[in-house]
Amino acid sequence: MKKIYLDSAASTIIDKRVIEVMMESMNEDYGNPSSTHSFGQEGKAKIEAARKCIAQWLNVPPHEIIFTSCGTESNNLILRSCVENLGIRRIISSPLEHKSVLETIRDLREKHNELEIIFLPLKDKKGNLDFETLEEYLMENKPTLVSLMHANNEIGNLIDLNYVGNLCKKYNALFHSDTVQTMGHYLIDLANLPVNFATCSAHKLHGPKGVGFVYIKKTSGLKSIITGGSQERNMRAGTENVYGIVGLGKAFDCAMKELEQRKMQIEKLKQYTIKQLTKHIPNITFNGTCQENSQSIYTLISILLPFPNTLVGFQLDIKGIAVSQGSACSSGATKPSNTMLQLFSTEVLMNSTTLRISFSHYNSKEDIDALVSALTEIYQKATINKTNTIHV
Ligand code: PLP
């Protein structure tokens with residue numbers, strides 16, 4: 001059975017070229033990069049080469065890139081250190097953020113009584129945020145951090161980093177964007193964007209798991225949230241994940257060099273999927289801004305199937321097709337995610353099934369055909385069952 005992977009927003013296939021450089025590094029760079037001998041220093045040089053490469057693509061100085069273990073750690077570092085070291089007294093965010101932001105904010109609120117948390121209201125049922133309210137809050141001129149993700153990992157909505165960043169800048173607020181879903185998929189010129197902090201995770205861009213980075217623009221005063229050694233210019237204690245960083249550097253370089261080509265291919269697949277699903281499953285709903293190209297990430301679509309079935313993900317899996325059901329990135333969860341609950345009533349969610357289909361350049365039209373055919377079969381069975389139930 002050919003296995004079909006349509007869950008790249010959760011994690012991606014590792015590029016063979018990435019595996020190659022990582023294997024080489026594992027064989028050669030076993031020294032500790034903090035050691036002064038050549039065994040350590042050769043690994044250290046590879047870390048710096050990866051940093052320089054990533055920094056060049058983002059158009060920023062290398063020292064503004066700090067390697068971490070993942071996107072979650074990167075978001076934690078920014079949020080926690082802004083509150084604990086930069087005197088931030090208010091965080092403005094959205095209820096649609098990834099758990100690594102929402103749970104960190106929840107924890108910070110419990111630990112810091114004086115910290116005010118504001119979640120922006122949604123402007124509509126597509127999950128667009130109300131930026132007028134953001135400006136009203138910013139006008140109050142409190143020491144504020146705005147934390148809004150670039151692309152939503154469940155429904156794919158994009159925000160305009162330039163617009164939001166300029167609003168923050170106008171009112172002297174700091175701006176953090178969780179760019180985990182867009183790094184390596186878009187050209188992000190951080191030197192020319194009013195963004196103070198951005199985050200990345202290698203496994204979302206065909207790199208290895210367990211490594212990521214945080215971008216910190218000229219912001220002094222931030223401190224490591226992990227205590228220990230002075231690695232990463234004192235911003236992230238702990239022996240560096242040399243092989244992981246080497247892999248991240250290679251994955252990033254390949255992603256950026258091949259960006260246009262990959263984007264064109266994936267965009268076509270996304271449009272084809274929307275067309276085929278619309279044709280075969282009447283009353284299907286596309287969630288968020290999925291169908292509005294410029295406002296939605298090209299790598300994913302989120303759908304609402306017009307029948308309840310908590311086992312769709314499992315039924316597809318039996319056929320060798322992997323998609324994400326229920327809460328994206330919360331493995332195994334089939335109950336409605338926070339994002340879905342913000343967009344739909346519990347009644348709608350109880351009578352439908354949410355799926356996230358996410359693509360990479362490794363997918364083909366045949367993969368989509370197989371998915372659509374499997375979903376059509378599931379839909380038809382659900383419809384027949386429903387009709388039978390009514391007649392009994
Ligand atoms: N932020 C977003 C938007 C994500 O989609 C994810 C992962 O799913 C993360 C953060 C967390 O990244 P990591 O898996 O590297 O911790």
Side-chain angles (χ1 to χ4, degrees), residues 4-10 94-96 98 122-129 149-160 181-182 185-186 263-310 312-313 315-316 321-329 334 336-360 363 365 367-380 382-383:
I4 296 169
Y5 190 71
L6 287 164
D7 201 15
S8 287
S94 111
L96 306 184
H98 186 263
L122 303 185
K123 209 170 65 176
D124 53 37
K125 286 291 170 193
K126 284 185 174 175
N128 285 308
L129 298 171
M149 69 207 311
H150 189 194
N152 183 282
N153 52 298
E154 285 187 64
I155 53 173
N157 289 15
L158 279 170
I159 63 159
D160 182 345
Q181 290 290 342
T182 50
H185 301 288
Y186 287 86
K263 186 166 179 251
M264 228 159 51
Q265 186 197 337
I266 301 169
E267 257 169 3
K268 274 193 199 148
L269 275 184
K270 176 173 167 174
Q271 290 316 320
Y272 182 67
T273 312
I274 293 178
K275 199 171 136 209
Q276 291 304 97
L277 286 173
T278 311
K279 190 167 147 191
H280 292 279
I281 304 180
N283 299 327
I284 189 171
T285 307
F286 294 93
N287 304 326
T289 52
C290 269
Q291 287 167 297
E292 295 158 47
N293 268 350
S294 62
Q295 288 171 54
S296 170
I297 190 169
Y298 60 91
T299 50
L300 76 86
I301 61 170
S302 166
I303 57 173
L304 212 58
L305 297 168
F307 54 89
N309 181 348
T310 50
V312 168
Q315 289 165 338
L316 291 173
I321 304 170
V323 296
S324 187
Q325 181 172 14
S327 174
C329 305
T334 48
S337 69
N338 184 44
T339 299
M340 288 303 148
L341 286 167
Q342 297 288 333
L343 300 186
F344 300 103
S345 66
T346 30
E347 199 194 339
V348 168
L349 292 172
M350 270 169 61
N351 290 305
S352 55
T353 305
T354 317
L355 282 188
R356 179 185 68 179
I357 303 158
S358 48
F359 317 96
S360 81
N363 290 123
K365 250 174 123 175
D367 295 348
I368 306 304
D369 289 337
L371 170 75
V372 173
S373 148
L375 279 178
T376 308
E377 201 183 307
I378 293 169
Y379 163 72
Q380 282 166 351
T383 319

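For the side chain to side chain donor-acceptor pair (under 3.5 Å) test, no residue two or more places apart in sequence or in another chain qualifies with N283. Remark: S373 pairs with no residue by the side-chain contact (heavy atoms from CB on, under 4.5 Å) rule, at least two apart or across chains. Under the salt bridge (charged side-chain N to carboxylate O under 4.0 Å, His left out) criterion, K268 pairs with no residue, sequence neighbours left out. Considering only residues two or more places apart in sequence or on other chains, S8 meets the side chain to side chain donor-acceptor pair (under 3.5 Å) condition with none of them. With sequence neighbours left out, the salt bridge (charged side-chain N to carboxylate O under 4.0 Å, His left out) criterion links E377 to K319, K381. Every residue two or more places apart in sequence or in another chain that forms a side-chain contact (heavy atoms from CB on, under 4.5 Å) with A322 is listed here: Y5. When the ring-ring contact (aromatic ring centres under 6.0 Å, His included) test is applied to F344, no partner is found at least two apart in sequence or on another chain. With sequence neighbours excluded, no residue forms a side chain to side chain donor-acceptor pair (under 3.5 Å) with S360. By the side-chain contact (heavy atoms from CB on, under 4.5 Å) test, Q291 is found to be paired with I274, F286, residues two or more places apart in sequence or in another chain being considered. Listed by chain and number, the residues in a side-chain contact (heavy atoms from CB on, under 4.5 Å) with D160 are N162, Y163 (sequence neighbours excluded). Qualifying side chain to side chain donor-acceptor pair (under 3.5 Å) partners for T299, counting only residues two or more places apart in sequence or in other chains: none.
The distance from atom CG of L375 to atom CD1 of I357, rounded to the nearest 0.5 Å, is 6.5 Å. The OG atom of S352 lies 9.5 Å from the CE atom of M340; values are rounded to the nearest 0.5 Å. For the atom pair I281 CD1 and T376 OG1, the distance stands at 5.0 Å (nearest 0.5 Å). Between the CE atom in M149 and the OG atom in S94 there is a gap of 7.5 Å [rounded to 0.5 Å].
The main-chain N or O of I368 is never found under 3.5 Å from a side-chain atom of N363 such that the two would form a donor-acceptor pair. Under a 3.5 Å cut-off, the side chain of N157 and the backbone N or O of T289 do form a donor-acceptor pair. Panel note: side chain Q325, backbone N309; a donor-acceptor pair is recorded below 3.5 Å. Checked by atom type and distance alone, the side chain of K270 pairs as donor or acceptor with a backbone atom of C290 at under 3.5 Å.
Applying the salt bridge (Lys or Arg N to Asp or Glu O under 4.0 Å) definition to pairs two or more places apart or across chains, those involving residues 286-310 are K126-E292.
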Steps toward side chain to side chain contact (heavy atoms under 4.5 Å, CB included) verdict (L316, L355): CA-CA 11 Å; L316 291 173; L355 282 188; 4.1 Å; yes
Criterion side chain to side chain contact (heavy atoms under 4.5 Å, CB included) on N153 and R356, from CA distance to verdict: CA-CA 9 Å; N153 52 298; R356 179 185 68 179; 4.2 Å; yes
Steps toward side chain to side chain contact (heavy atoms under 4.5 Å, CB included) verdict (L122, L96): CA-CA 9 Å; L122 303 185; L96 306 184; 3.9 Å; yes
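E154 and N287 share no donor-acceptor pair across their side chains, judged by distance under 3.5 Å alone.
A 4.5 Å side-chain heavy-atom check between D7 and V323 finds every atom pair outside the cut-off. For the pair Y272/V372, no side-chain contact is recorded, criterion being any heavy-atom separation below 4.5 Å from C-beta on. Annotation: side chain of L158 is in contact with side chain of T182 (closest heavy-atom distance under 4.5 Å). For the pair Q276/L371, no side-chain contact is recorded, criterion being any heavy-atom separation below 4.5 Å from C-beta on. I378 has its side chain out of reach of L305: every pair of non-hydrogen atoms, C-beta onward, lies at least 4.5 Å apart. Using a 4.5 Å heavy-atom threshold, the side chains of Y379 and I284 count as separate. Using a 4.5 Å heavy-atom threshold, the side chains of I301 and L277 count as touching.
Using cut-offs of 30° and 60° on the angle between ring planes, the pair H185 and Y298 is perpendicular.
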